[in-house]
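Single-structure report; data block below.
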There are 2 protein chains.
Amino acid sequence: MSINLDKSQAFDKLVSLKPYDVHSVSSERIKECSVQSASLTFNYACSPIEKKHIAVFQEIFDECQIFDKFTSLLSGDRVNTGENRAVLHHLLRGNVLGKKILIDSVDKEEFYRIEKERIFDYATSVRNGKVLGSTGKKIDTVLQIGIGGSDLGPRAMCIALSSYAKANGISIIQPKFISNVDPENAVNVMSDVDPETTLFILVSKSGTTLETLNNKDLVKTIAESKVKDKNFVFEKHLICVTSQTSPLAKSTEGAKVFYMDDYIGGRYSSTSGVGLLIMSIAYGAKVAEEFLCGAHDSDMASYNNKVESNAASLDAFIGVYERNVLNMQSLAVLPYSEALLRFTAHLEQLDMESNGKSVNINKEYVSYQTGPVIFGECGTNGQHSFYQHLHQSPVITPIEFIAFKNNSAIDQNGPYAPVMKEAHKKLNANVIAQMVAFAKGATNSDSNKNFTGGRPSSLIYADELNPYTLGALLAHFENKVMFQGFIWNLNSFDQEGVQLGKKLALGVLNNTTDDTALLEFSRMLI
Amino acid sequence: MSINLDKSQAFDKLVSLKPYDVHSVSSERIKECSVQSASLTFNYACSPIEKKHIAVFQEIFDECQIFDKFTSLLSGDRVNTGENRAVLHHLLRGNVLGKKILIDSVDKEEFYRIEKERIFDYATSVRNGKVLGSTGKKIDTVLQIGIGGSDLGPRAMCIALSSYAKANGISIIQPKFISNVDPENAVNVMSDVDPETTLFILVSKSGTTLETLNNKDLVKTIAESKVKDKNFVFEKHLICVTSQTSPLAKSTEGAKVFYMDDYIGGRYSSTSGVGLLIMSIAYGAKVAEEFLCGAHDSDMASYNNKVESNAASLDAFIGVYERNVLNMQSLAVLPYSEALLRFTAHLEQLDMESNGKSVNINKEYVSYQTGPVIFGECGTNGQHSFYQHLHQSPVITPIEFIAFKNNSAIDQNGPYAPVMKEAHKKLNANVIAQMVAFAKGATNSDSNKNFTGGRPSSLIYADELNPYTLGALLAHFENKVMFQGFIWNLNSFDQEGVQLGKKLALGVLNNTTDDTALLEFSRMLI
């Protein structure tokens, strides 16, 4: 059922289609090129496609049986073939198909629901002071120790909601994160932390992640050295998020444990306990529930077999067209929102770890390009950094802009509301100007000041960035990346490419390698 | 004197040379492929070049008169031809040629030296409590308001030195930064700041940067609303770094002013008052002086007409070879050092704003590729994010690794020294393993677990990251980017590509545009 993109007859048609010339973008086109997904609008007026492309996208969608692949994934089939696992992150936030998913004799919807309720109950107990630290103090900080998917997504989400929570009068238990095995990371973060009023969340699905276990030891050492009260017991401040079969789940340390399973990939785990526990402790269960709701509504909008009205699939196809027909290698993701400070870093993992692959789902090498390099910073910071390259480099880099009409973080009654509103207007004037500048360019007889334009972008926007919209945004990109993986005929849910480095590092650490290059570099650096 | 790269006869030779196969990297090669620059060692054992390439690099270096271009720049010639400006950032940290640089009848070395001494004197007065806040309190925070080059470099440098300062018992006046016009940025940062004990540094060379002036207004509003003491005068806490001709320099607000000039580009201004004022207030003049010393020594090492022993030029040529012969579009910069958390973000601006260009120094379109897309995160965080793509994508992305044998931030007498040392060893085992994994790969009959290798990288390392080494590292990359601009025959010192967006944004804000696309997007977003 799964065919390579270059074996699709419709793909040949796509290659022969000329791109839409974005110099011509007009008011009419902007109105037409709009697709809704939950509270988000995806506008592709400045992208290099038009109706004839979408018609061919639909042919590819049908020919490559993309909808069937999505249905199969949602049904609990083991679509992560390399690891023989189902892929169930959609089920964390709702049941798209509405049918029971039984795997290993477990009703997975029920399992995830129970864990979610345990998490929300626990978070509520922490927030209302029923759960106290081991020395009897109220908790004011929650610190997550994890790396990769146990860090990037949850961190990006917590940062995104901070100002919203403040402006909406939600009391905040301060979320913090430690990820890097470089000990400076833990020491820096711990320097501001009072262990007596802090909960530590240790996140590792396997329970064996080198960086995370090392950081737990370092954090424990620092915490025990900082606290003078003899009643302090680090383990009473420790919560684990791990799989039921991991060593952490079985540890006798007495820490509280919440469970995830092998069917939630790290980079897809923001809506599992990995992301929800810290979010619901920091901002409350209601915020986390709204976040899930936005993600589910975006999933529902993505489960649609018409590309023209399916924002995530359309976004995916535009990316494939830019990558495989127009030969663009990178994608800049530029949120005009300080709240999305680390969102692009999360997408970097989501996209590059999912689709930076050379073999298809049947383990055959593919003869076409797959996922792009993802980079970006918030606007307007990026404008004063790398936009020179985006505007005038010989290479064209397509862009996804993200923007919000209003800023929900502006406390309407706060003393700075007028000047904040003015600044927000300037922010949006800039994203508008950039889209048009990239598309249309501007002729100047001084070639150094000439803008050739013709540089494509798309825009995802909403009224405001609240928990619901954040969930929808997260799911939009998860589903976009999933669709691209389907189109490229990849398994987007494993990551074998990270294994070799881990193995060689252990060889260096344990002195079990006889590779002369490893040994020589070790003499230089260890 | 300046010829396009593709007109160089030696370039044809380079195109015909086969790359070195990095699968073969050995202990001997690692020992051989090493060049010193100040306290740094540049090791190119895992890069795709060997002696025959370096011989051709030297031919290009000579044919394209790269050394003469550098000499001309150092002599104060107006090598930024588009803006008719000299390029004098090297002079900020020392006089490479040792001759007087007179421009506009000003002895520029003297001018920069005087400003530096004014800055260091002022910083010392703040640190020893002679300068107090307007309500008589000791200063404990210094907050820089700037964007682009007034933010990225200074921020990256201050973050880099924080742990060093702590471990070495240097008292810290906390450095903070606000850049984004999104008001959330200023509101978030100000929420932790006591204006009575804070100095605010406003940095804008032109004195007209939209984001920076807007943020100054917002910060002033917040500060005045937070402080209850009627003696508080915001302007007495304000310091400006600007050019002598800017409106800020003439403002009657009574703020203290330090001067820079038009011959220091924003992205090259970390060693000017833009970077030095906050660094010397935060960590003391001695740290800033060592930082300058490292940069100067690295400049001296770069002013060498033999490519084989000139690390910055060799690094530049390897990049050109990868870009223009091997057709690699991106470059990942991966520091295995939490202290360099924002160093890659600075390099993104430095490189992409300098060399992301299509016209040469004579304003003729070039027919070859120029600067790459730069991205990256600290190791080991990156390993758990986008390394899948780096290891197994069909596209090969070259890498620059940065590592330090020891961690100078480990307080040798501190209670966590043993566990920090162990973590640092794990960190370095990982960078070692990654270099070898990328180069050699590993064969596996399961294609999904097969690593083809042949993925090039280089390594810059030093004993430890201290202020001197940080200065050397900064200057290494500044000079690398400069050499690449010379090789590509570009003007690396202007940034006309950022102007169009600014102009259109003003049109949106002032309602002076009749462009239908701008108006339609405005209806959506404003």
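These numbers come from a predicted model, not from an experiment. Only heavy atoms go into these numbers, but all of them, side chains included; no hydrogens, no water, no symmetry mates. By convention in this document, chain letters (A, B, ...) are assigned in the order of the sequence lines, proteins followed by strands, and residues within each chain are numbered from 1.
- No side-chain heavy atom of Tyr416(B) sits less than 4.5 Å from a side-chain heavy atom of Pro183(A).
- Sorted by first and then second residue, the salt bridge (Lys or Arg N to Asp or Glu O under 4.0 Å) pairs with a member in residues 369-379 of chain A read Glu377(A)-Arg342(B); sequence neighbours excluded.
- Using a 4.5 Å cut-off between heavy atoms, Ala345(B) touches chain A through backbone and side chain atoms alike.
- For chain A, no part of Ser150(B) is nearby; none of its heavy atoms comes within less than 4.5 Å.
- There is no contact between Lys421(A) and chain B, counting heavy-atom distances below 4.5 Å.
- Smallest separation of non-hydrogen atoms from Ser26(B) and Thr516(A): CA-OG1, 4.1 Å.
- Heavy-atom pairs under 4.5 Å with chain B were tallied for Val419(A), Val359(A), Asn448(A), Asn43(A); the largest tally goes to Asn448(A).
- The minimum heavy-atom distance linking Asn430(B) with Ala505(A) is given by the pair OD1-CB, 3.7 Å.
- Nearest approach of Glu338(A) to Glu184(B), heavy atoms of both residues: CB-CB, 4.0 Å.
- For Asn407(B), the part lying under 4.5 angstrom from a heavy atom of chain A is the side chain only.
- Proximity to chain A is limited to the side chain of Thr209(B), based on heavy atoms less than 4.5 angstrom apart.
- Closest non-hydrogen pair, Lys357(A) versus Gln388(B), comes out as CG-NE2, 3.3 Å.
- In this structure, chain A has no heavy atom under 4.5 Å from any part of Asp151(B).
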Take Ser385(A) and Leu152(B) through the side-chain contact (heavy atoms from CB on, under 4.5 Å) test and state the conclusion after the steps. CA-CA 8 Å; Ser385(A) 171; Leu152(B) 291 163; 3.7 Å; yes
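- Taking every heavy atom of both residues into account, Glu348(B) and Phe375(A) meet most closely at OE2-CD1, 3.8 Å.
- Contacts with chain B were tallied for Ile222(A), Val25(A), Leu504(A), Asn214(A); Ile222(A) has the most, counting heavy-atom pairs under 4.5 Å.
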Which is it for Thr380(B) and Asp182(A) under the side-chain contact (heavy atoms from CB on, under 4.5 Å) test, yes or no, and what are the steps along the way? CA-CA 8 Å; Thr380(B) 56; Asp182(A) 186 335; over 6 Å; no
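- Shown here is Lys503(A), whose NZ atom has no more than 12 heavy atoms of other residues, nucleotides or ligands within 6.0 Å.
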Leu509(B) vs Lys426(A), test: side-chain contact (heavy atoms from CB on, under 4.5 Å). Steps then yes/no. CA-CA 7 Å; Leu509(B) 282 171; Lys426(A) 286 180 184 162; 3.8 Å; yes
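- Counting heavy-atom pairs closer than 4.5 Å to chain A, the top residue among Ser354(B), Ala439(B), Ala167(B), Gly379(B) is Gly379(B).
- When heavy atoms are compared at a cutoff of 4.5 Å, Ser191(A) approaches chain B solely by way of its side chain, counted from C-beta outward.
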Ignoring hydrogens and angles, write down the donor-acceptor pairs under 3.5 Å from the side chains of residues 517-526 of chain B, residues two or more places apart or on other chains.
{"from": "Glu520(B)", "atom 1": "OE1", "to": "Ser27(A)", "atom 2": "OG", "distance (Å)": "2.9"}
{"from": "Glu520(B)", "atom 1": "OE1", "to": "Arg523(B)", "atom 2": "NE", "distance (Å)": "3.3"}
{"from": "Glu520(B)", "atom 1": "OE1", "to": "Arg523(B)", "atom 2": "NH2", "distance (Å)": "2.8"}
{"from": "Ser522(B)", "atom 1": "OG", "to": "Leu518(B)", "atom 2": "O", "distance (Å)": "2.7"}

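- In this structure, chain A has a heavy atom under 4.5 Å from the side chain of Leu210(B), while its backbone stays farther away.
- Between Ser393(B) and Ser358(A), the closest heavy-atom pair is C-OG, 3.4 Å.
- Heavy-atom distances place no part of Leu350(B) under 4.5 Å from chain A, backbone and side chain included.
- For the options Gly507(B), Ser179(B), Ser447(B), heavy-atom pairs under 4.5 Å to chain A are most numerous at Ser447(B).
- Contact annotation for Glu211(A): only side-chain heavy atoms (C-beta onward) come within less than 4.5 Å of a heavy atom of chain B.
- In this structure, the separation between NZ on Lys449(B) and CG on Leu500(A) is 13.0 Å, given to the nearest 0.5 Å.
- When heavy atoms are compared at a cutoff of 4.5 Å, Phe386(A) approaches chain B by way of both its backbone and its side chain.
- Proximity to chain A is limited to the backbone of Tyr368(B), based on heavy atoms less than 4.5 angstrom apart.
- For the set Lys440(A), Lys166(A), His424(A), the entry with the most heavy-atom pairs within less than 4.5 Å of chain B is Lys440(A).
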Please report the C-alpha distance between Leu218(B) and Met420(A) in whole Å, then the side-chain angles of each, then the deciding distance to 0.1 Å, and finally whether the side-chain contact (heavy atoms from CB on, under 4.5 Å) criterion is met. CA-CA 7 Å; Leu218(B) 182 49; Met420(A) 285 184 79; 4.3 Å; yes
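- Contacts between Thr397(B) and chain A at a heavy-atom distance below 4.5 Å involve the side chain alone, from C-beta outward.
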